[in-house]
Protein chains: 2
Amino acid sequence: MKVNIFDVAKKSGMSIVTVSRVLNNAPTVREKNRQKVLDAIKELNYSPNSAARTLVRGKTGVIGLTITALNDTVFDGVVQSVLENLKLNGYVLAISIAHELGNESFDASNFLFHHDRVDGIIVLSTLQEEAYIADLERKKIPFVMIDSHSEHNNVPTINVDNYLGGYEATKHLIALGHKRIAHISGQYAFLSARQRKEGFTDAMIEAGLSPSMIIEGEFGTYCGHSIMQNWIAQGNQIPSAIFAADDMIALGVIRSLMEAGYNVPGDVSVIGYDDQSFANEVHPRLTTIRQPVGQVGEHAVKILMDLIQGKQTKNTKLQLKPELIFRESTAKYKGDIN
Amino acid sequence: MKVNIFDVAKKSGMSIVTVSRVLNNAPTVREKNRQKVLDAIKELNYSPNSAARTLVRGKTGVIGLTITALNDTVFDGVVQSVLENLKLNGYVLAISIAHELGNESFDASNFLFHHDRVDGIIVLSTLQEEAYIADLERKKIPFVMIDSHSEHNNVPTINVDNYLGGYEATKHLIALGHKRIAHISGQYAFLSARQRKEGFTDAMIEAGLSPSMIIEGEFGTYCGHSIMQNWIAQGNQIPSAIFAADDMIALGVIRSLMEAGYNVPGDVSVIGYDDQSFANEVHPRLTTIRQPVGQVGEHAVKILMDLIQGKQTKNTKLQLKPELIFRESTAKYKGDIN
DNA sequence: ATGAAAGCGCTAACAT
DNA sequence: ATGTTAGCGCTTTCAT
């Protein structure tokens, strides 16, 4: 902390400029002097002050990423991918947690949102999208959004095709012979929830079926349990298949079904979404839709790099394809229950 | 990015010093001038350059936290708590992912590990503890470790009593009437794994029982499945209760048991550890050991604040108590199976 | 209450 | 190949 470039200069007998050159691998330093400097650096245990560097260079070498929670396999996958790709580009990653407590005002205190803290920002799945965009554009910080919810801006965005995911999930169920199929969605505030639902509806219509029920649930929660429990308690006929908007919801659905004595997938097939890490380990192993997290991270970094370098980026809206993972929680339709 | 304190000074007709005073809420500015400055700031959309501030102040106002993965409920809980408590102290949080690819050398490129990037660091559950400690001490960056693995240093540390957790989990099983009890542990490289195992062993001994089996598994993986599958395939007698070192392992154990036609907890009771978010939603709902994540984060921040302020901190080793969460995956012993 | 001047640690011209 | 000089944007004495 105390030792600075002057100390190194003094100790090595060189000027601070030469020290700076060594620090930045300038080719114009005599090897002998270079060594002197290197020795002094090691001896003094010196490392350059990055605030000073940032100040003079006008850039930080760090990319920020905002996230809302740390307990999600999809987020984790995206972040790991971002990390790798950033490293390839010589940037480091700083993650910031952004709380999204309902209608609480946008948290401008977010430490990342300073031009002198980061060179660019990746916004991962926020609900306060408009506020972020406004702030970031005002500050002229390059950024890219992942899992954007509004469709009508020209902001660089990477989404996974949720319509397709919902459609494929439903087609899977239909292909298995199911006819009475229900959907429990995420909050409609999320574009992804609305799109998955649309994919569901369209697949049903296409097959000449009408949805057994569609209920708005909540992503990442276990609302599936209470919803199914109510459904059962009311004496409604149980659909033979259910498309849950994510794996947490699916888990809740399955539990309530099992508690009521139904067999999954024997009596009812359930498909989730996201391929959470537990999906492959619960009993029955969850059939689900996997998102291409690696690609998402890769493209996010790519776009951001282009933005930072001022390249003209046209295809600023990217849509990737999800993938069906067929496991054990869905099976052929075997006749009606109840 | 371009507008600086000079621009504000010019526009407001004040000197940069006065602007600075306003920025820092100095009481010695005439209200009228204060307004002028505030207006100029707003009009120019100015926000102070934090690199310059850091440079001159010698401190950053940010606390760093290193973490290895983002898909863990315990980590998430700790981080959320850290975040809250940091905010109370006027600090912001920067998270950095530290990969721990086996024996890969310590990743010194971690962007947090600069005195001029953070004022202090929280190291969350790393395996490369010694490397971190050496680096951080060399750089004289205040830090605190959570879930430390070595017992023999004087580093500020917050752990949850894993011995007690293992002990309580096992006592729970014993109290339920079980006698043939097995344990699948985490990697012994983790102190927490060794301690949970010891708690298990001691509780068994105390009850005059001998462990049905103890197998080293791997935290956070679903090794429980293959381990139980092998056990069953070999025609061994199934223990009537199993203590899995974490919830992921427990999930694997339960699945293999169910696949083999056993009932949980009817035939075999299974207890996990950590109370992952899915634990309350799988079927059967997992009995587990919950860690006091809120307290962990709170104390971590507290200790770090003391360290930064140079206060003498004696009780630099803190040990918190875990809590048994009795749900559905464990039940009274009902006689032998097989 | 306000301002002038010095300097935080570094790099980028511009000499030499 | 190396050094001199001038800032990057801000805060902090020290005057006034």
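Naming: A, B, ... by sequence-line order, numbering from 1 per chain.
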Inset, instruction - Ignoring backbone atoms, establish whether Arg30(A) has a side-chain N or O less than 4.0 Å from OP1 or OP2 of dA1(D). - result: no
Legend entry - Integer-rounded Å distance: dA12(C) P and Lys59(A) NZ: 11 Å
Legend entry - DNA chain D: 5'-proximal contact among Val17(A) and Pro27(A) (nearest heavy atom): Pro27(A)
Legend entry - Interatomic distance, Lys36(A) NZ vs dA1(D) P [rounded to whole Å]: 16 Å
Inset, instruction - Using only heavy-atom distances, determine whether the side chains of Ser125(B) and Asp147(B) contain a donor-acceptor pair under 3.5 Å. - result: yes
Inset, instruction - Check every strand shown and say whether Val29(B) touches a base, only sugar-phosphate, or nothing at a heavy-atom separation below 4.0 Å. - result: sugar-phosphate
Legend entry - N or O in side chain of Arg53(B) less than 4.0 angstrom from dT11(D) OP1/OP2: yes
Inset, instruction - Write down the distance between CE (Met14(A)) and P (dT4(D)), rounded to a whole number of angstrom. - result: 12 Å
Inset, instruction - Rounded to the nearest angstrom, tell me the gap between atom CZ in Phe6(A) and atom P in dT4(D). - result: 10 Å
Legend entry - Most 5' of Gly13(B) and Ile5(A) on DNA chain C, judged by nearest nucleotide: Gly13(B)
Legend entry - Residue-phosphate contact under 4.0 Å: Ser15(B) side-chain N/O, dG3(C) OP1/OP2: yes
Inset, instruction - Indicate, with a heavy-atom threshold strictly under 4.0 Å, whether Asp116(B) touches base, sugar-phosphate, or nothing. - result: nothing
Inset, instruction - May I ask you to verify if any side-chain N or O of Asn24(B) is less than 4.0 angstrom from the OP1 or OP2 atom of dT11(D)? - result: yes
Inset, instruction - Indicate whether any N or O donor in one side chain lies under 3.5 Å from an N or O acceptor in the other, for Asp119(B) and Thr60(B). - result: yes
Legend entry - Given Leu304(A), Leu318(A), Leu307(A), the one that forms side chain to side chain contact (heavy atoms under 4.5 Å, CB included) with Pro156(A): Leu307(A)
Inset, instruction - Take the protein atom CZ of Arg21(B) and the nucleotide atom C1' of dT13(D), then report the distance between them rounded to whole Å. - result: 10 Å
Inset, instruction - For Ile16(B) and for Leu55(B), locate the closest nucleotide of DNA chain C by heavy-atom distance; then report the residue assigned to the nucleotide nearer the 5' terminus. - result: Ile16(B)
Inset, instruction - Look at Asn4(A) and dG9(C) and indicate whether a side-chain polar atom (N or O) is within less than 4.0 Å of OP1 or OP2. - result: yes
Inset, instruction - Determine the contact category for Thr18(A): base if any of its heavy atoms lies under 4.0 Å from a base atom, sugar-phosphate if only primed atoms, P, OP1 or OP2 are that close, otherwise nothing. - result: sugar-phosphate
Legend entry - Note: Lys11(B)-Asp7(B) ion pair, threshold 4.0 Å (strictly below): no
Inset, instruction - Would you mind reading off the distance between Asp7(B) atom CG and dC10(D) atom C1', rounded to a whole angstrom? - result: 13 Å
Inset, instruction - Examine dC10(D): is either OP1 or OP2 under 4.0 Å from a nitrogen or oxygen in the side chain of Ser20(B)? Give yes or no. - result: no
Legend entry - Donor-acceptor pair between Ser50(A) and Asp116(B) side chains, under 3.5 angstrom: yes
Legend entry - Proximity to the side chain of Arg57(B) - top-ranked nucleotide from dT11(D), dG3(D), dT13(D): dT11(D)
